[in-house]
Q: 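Got a structure here, written out as structure tokens. Questions coming.
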Amino acid sequence: MRHFFRRKSSCQIAKDRLKILLISDRVNCSPEMMELIKTDIAKVISKYMKIDAENIEIQISTVGNRTDKGASNKHPMLYANVPILDTTAQEHALNVK
Amino acid sequence: MESQVIVVTSGKGGVGKTTTSANVGTGLAKLGKKVCLIDTDIGLRNLDVVMGLENRIVYNLVDVVEGNCRVKQALIRDKRHPGLYLMPSAQTRDKSAVSPGQMVKVIEHLKEQFDYIILDCPAGIEQGFQNAIAGADRALVVTTPEVSAIRDADRIIGLLEANGFKQMDLVLNRLRMDMVRRGDMMSAQDVVDILAIPLIGIIPDDENVVISTNQGEPLVGNDCPAGQAYANVVMRVEGKEVPFMNFEKSISFWTRVTGIFHKA
């Protein structure tokens with residue numbers, strides 16, 4: 001029974017790992033560089049609002065574009081999900097200035 | 001008919017390039033096509049053994065390129081299947097013995113007499129790979145549902161695209177339905193979603209593949225899961241539409257049922 005309540009199947013883990021791995025392989029961008037981009041984004045945004053820097057997610061997505069004919073020259077996109085902890089902080093930042 | 005030159009490649013070693021080359025080549029010959037299999041893995045040849053033709057090698061690909069023999073002299077005729085020939089690779093040389101330009105020349109010569117030329121590519125992305133893809137106009141990318149093999153396949157697809165390949169098809173080898181059902185192996189759909197090239201065949205994990213390799217006789221068309229799956233690949237290579245073996249249907253049902261629990 002425990003099997004059924006396992007949180008993530010190994011298949012899902014493999015898919016998740018591959019998604020991240022292939023993105024960095026395809027755009028020739030190492031995971032370390034992604035990490036640097038992430039900390040820089042956090043730095044910039046936290047000037048204006050209180051964010052949860054620990055839980056920022058960034059990813060470059062090109063997956064699935066390949067077979068749609070003509071779409072292969074579409075540029076990969078960088079997505080960033082930044083959790084905002086306190087929106088009122090935005091006004092504070094402006095007031096301080 | 002214009003002859004087709006197909007390279008069978010994967011990036012990672014041991015995923016079934018040679019087995020796929022042997023079975024697809026033999027299958028096409030069984031349909032009455034004139035087929036030439038070329039082993040481009042110089043220094044680590046294996047296609048001759050899988051085909052059971054290892055005792056009949058006199059000349060090889062490097063001899064042809066270096067002008068030690070004519071192209072025809074290096075071709076081994078498979079007596080079991082009329083129209084099936086193998087050009088073996090050299091065992092005592094290395095990849096640098098042949099250049100991409102020389103490969104193209106040999107292939108151009110063979111195109112005159114064959115419907116299909118199938119190149120068994122070595123693992124890796126170095127010169128051996130460059131040699132194998134140089135004269136090809138179509139690729140079969142072989143992978144297994146494992147992270148390492150899929151990563152390498154993705155790299156290979158990128159390189160093939162960069163080299164101007166328009167037609168690339170995916171052969172998913174060694175799929176285990178029991179593991180897919182319990183969520184411990186990526187399904188064909190999962191792999192296709194990731195690699196984003198058309199699927200041309202799903203080969204179930206089948207002990208008969210090992211047995212047929214032991215015997216030196218490709219199993220395409222035999223009455224076993226892998227034999228039937230390879231027969232379907234051959235039909236699809238020929239451009240015929242063949243439905244995927246019906247285990248696909250039972251997956252979607254089972255993943256739906258077990259998926260409810262896995263999501264929790």
Side-chain angles (χ1 to χ4, degrees), chain A residues 1-39 52 54-83, chain B residues 11-12 125 139 141 143-162 164-170 175-200 251 254-264:
Chain A
M1 255 338 245
R2 203 154 39 101
H3 167 80
F4 290 113
F5 294 103
R6 204 166 37 177
R7 290 186 61 203
K8 224 179 194 184
S9 68
S10 71
C11 164
Q12 192 57 49
I13 295 169
K15 281 196 279 182
D16 293 346
R17 288 176 61 213
L18 267 169
K19 257 178 219 158
I20 295 165
L21 191 62
L22 295 190
I23 287 159
S24 47
D25 277 1
R26 283 176 194 173
V27 297
N28 216 349
C29 172
S30 66
E32 293 88 63
M33 201 169 117
M34 296 286 277
E35 208 48 45
L36 289 175
I37 295 173
K38 202 160 109 177
T39 46
D52 181 3
E54 292 287 296
N55 289 311
I56 292 181
E57 277 176 26
I58 66 164
Q59 53 168 285
I60 296 171
S61 183
T62 50
V63 179
N65 274 351
R66 204 146 45 195
T67 39
D68 330 278
K69 294 223 164 78
S72 55
N73 44 11
K74 246 191 215 162
H75 299 293
M77 300 288 271
L78 186 139
Y79 296 93
N81 290 323
V82 185
Chain B
K12 187 176 178 297
I125 52 173
V141 179
T143 191
T144 60
E146 283 160 73
V147 179
S148 49
I150 293 171
R151 183 193 197 180
D152 288 1
D154 187 75
R155 191 75 210 286
I156 287 293
I157 294 165
L159 289 171
L160 290 171
E161 269 177 346
F165 275 74
K166 297 271 185 296
Q167 195 175 5
M168 296 174 278
D169 295 291
L170 186 68
L175 191 71
R176 283 186 52 180
M177 286 317 301
D178 54 328
M179 291 188 71
V180 172
R181 280 187 202 116
R182 60 171 199 258
D184 279 331
M185 185 178 270
M186 279 179 267
S187 70
Q189 190 57 53
D190 292 335
V191 179
V192 170
D193 286 347
I194 291 168
L195 291 176
I197 62 169
L199 185 67
I200 201 169
I251 319 171
W254 273 106
T255 40
R256 213 173 297 151
V257 174
T258 54
I260 296 165
F261 296 105
H262 286 309
K263 266 177 209 152

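The shown structure was predicted, so the numbers you read here are calculated from the model rather than taken from an experiment. Within every chain, numbering begins at 1; the chains are lettered A, B, ... in the order of the sequence lines, protein sequences first and strands thereafter.
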Q: Return the minimal non-hydrogen interatomic distance between A:Ser9 and B:Gly183, and the atom names on each side.
A: CB-O, 3.1 Å
Q: For A:Arg17 and B:Val147, which heavy atoms make the closest approach, and how far apart are they?
A: NH1-CG2, 4.4 Å
Q: Select one option (side chain, backbone, both, neither) describing which atoms of B:Met185 are under 4.5 Å from chain A's heavy atoms.
A: backbone
Q: Quick check for you: among A:Leu18, A:Ile13, A:Asp25, which has the greatest number of heavy-atom pairs under 4.5 Å with chain B?
A: A:Leu18
Q: Look up atom CZ in B:Arg181 and atom SG in A:Cys11, then write down how far apart they are to the nearest 0.5 Å.
A: 14.0 Å
Q: Would you compute the distance between atom CD1 of B:Ile150 and atom NZ of A:Lys15 and round it to the nearest 0.5 angstrom?
A: 10.5 Å
Q: Under the rule for side-chain contact (heavy atoms from CB on, under 4.5 Å), what residues qualify as partners of B:Ala153, not counting sequence neighbours?
A: B:Val141, B:Thr143, B:Leu195
Q: Partners of B:Arg155 by side-chain contact (heavy atoms from CB on, under 4.5 Å), sequence neighbours excluded?
A: B:Ile125
